[in-house]
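Report on the structure given below.
Note that the structure is a prediction, hence the values are computed from the model and not measured.
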Amino acid sequence: MASAGDPPTGPRDAADQNFDYMFKLLLIGNSSVGKTSFLFRYADDSFTPAFVSTVGIDFKDTAGQERYRTITTAYYRGAMGFLLMYDVANQESFTAVQDWATQIKTYSWDNAQVILVGNKCDLEDERVVPAEDGRRLAEDLGFEFFEASAKENINVKQVFERLVDVICEKMNESLEPSSSPGSNGKGPALGDTPPPQPSGCSC
C-alpha cells in the first residue's frame with residue numbers, strides 16, 4: 001500500500017522523466033492546416049479526419065493589440081524550434097506564412113530553428129500551392145522546407161527528426177569557442193543548454 005509520500009507508480013509525466021535534452025517545439029500556422037493531425041500522426045501514429053478546432057492564439061487578430069503582447073511572448077518563450085505549417089490546398093494559409101514568420105522573428109529568440117511544412121500533399125487534385133512556391137518562400141525566409149501529409153504519413157517523422165537535428169547542429173555550433181551564442185534578450189542562447197556528449201549531439 002502506497003503512502004502519501006511515495007512516488008506514483010503509474011506512467012510518469014514527460015517532465016518527470018530523465019532526458020539528455022528537452023526541446024520546446026511549436027507547430028504554428030492558420031486554422032485547419034492540419035497541425036493537430038500532424039502531431040497525432042507523429043506521437044500516436046494515428047489519423048482522425050476531423051478534429052474539433054483546437055484553441056490557440058490567432059495572431060492575425062491580436063498582434064496589433066498591446067494587451068495581447070504578454071500572451072504572445074509567453075507562447076513563444078523558450079521555443080527552440082517551429083514547424084510553420086500551411087495547407088497546399090489553401091492559398092490563404094500559404095499567404096499567411098509571411099505573417100507567421102514575422103511573429104517568429106519578433107517574439108522568439110535568434111537561434112530558434114524553423115521548418116516550413118506544406119501539409120496535405122496527398123490532396124494533389126485540390127492543390128493550389130505548387131511545391132516550388134513553398135520551396136522558394138522557405139529559401140527567401142531562410143527556412144528548410146518539406147511537403148508532408150499527416151493522412152498518408154508522408155514526411156511526418158522526417159520533419160520532426162530534421163528539426164531536432166538542426167537544433168542539435170546549432171547547439172554544437174554555439175558551443176564552439178569561435179562562435180558566440182548571440183541571444184537577443186528574448187530567451188536563453190543555445191549555449192545556455194547542457195553541452196552535448198563528446199561524441200556529438202545525442203538527440
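Phe82 and Tyr76 have their aromatic ring centers within a separation under 6.0 angstrom. Aromatic rings from Phe47 and Phe38 are positioned such that their centres are separated by 6.0 Å or more.
Looking only at side-chain heavy atoms (C-beta outward), Val114 and Leu83 stay at 4.5 Å or farther from each other. At a threshold of 4.5 Å between non-hydrogen side-chain atoms, the residues Lys105 and Thr102 do not count as touching. When side chains are defined from C-beta on, Cys121 counts as touching Arg127, because their heavy atoms get closer than 4.5 Å.
Partner Leu84 forms a side chain to side chain contact (heavy atoms under 4.5 Å, CB included) with one of Val97, Leu26, Leu27 and no other, that one being Val97.
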Check against side chain to side chain contact (heavy atoms under 4.5 Å, CB included), Tyr75 and Gln103 = CA-CA 11 Å; Tyr75 188 73; Gln103 293 290 334; over 6 Å; no
May I have the step-by-step check of side chain to side chain contact (heavy atoms under 4.5 Å, CB included) for Ile154 and Glu147, ending in yes or no?
-> CA-CA 8 Å; Ile154 299 168; Glu147 282 203 337; over 6 Å; no
Criterion side chain to side chain contact (heavy atoms under 4.5 Å, CB included) on Lys120 and Leu123, from CA distance to verdict | CA-CA 6 Å; Lys120 305 186 185 180; Leu123 300 178; 3.9 Å; yes
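Applying the ring-ring contact (aromatic ring centres under 6.0 Å, His included) test to Phe146 and every residue at least two apart in sequence or in another chain returns nothing. For the ring-ring contact (aromatic ring centres under 6.0 Å, His included) test, no residue two or more places apart in sequence or in another chain qualifies with Phe143.
The distance from atom CG of Asn153 to atom CZ of Arg41, rounded to the nearest 0.5 Å, is 4.5 Å.
For Lys24, the NZ atom is densely surrounded, since the number of other residues' heavy atoms within 6.0 Å is greater than 12. Residue-environment remark: CD (Gln158) exceeds the threshold of 12 foreign heavy atoms within 6.0 Å.
For the residue pair Ser149/Asp122, the side-chain donor-acceptor check at 3.5 Å is satisfied.
A pairwise comparison of heavy atoms in Leu163 and Ile115 identifies N-CD1, 3.5 Å as the closest pair. Asn30 and Ala96 make their closest contact through OD1-CB, 3.3 Å (heavy atoms, listed as atom of the first residue, atom of the second, distance). In terms of heavy-atom proximity, Val166 sits nearest to Gln113 at CG1-OE1, 3.2 Å. Minimum heavy-atom separation, Leu116 to Gly134: CD2-O, 3.6 Å. Closest approach of Val33 to Asn119, counting heavy atoms only: O-ND2, 3.0 Å. Considering all non-hydrogen atoms of both residues, Val117 and Ala148 come closest at CG1-CB, 3.9 Å.
Under a hydrophobic-cluster definition in which Ile, Leu, Val, Met, Phe, Trp and Tyr are linked whenever side-chain heavy atoms come within less than 4.5 Å, directly or via other members, Leu25 and Val156 are assigned to the same cluster.
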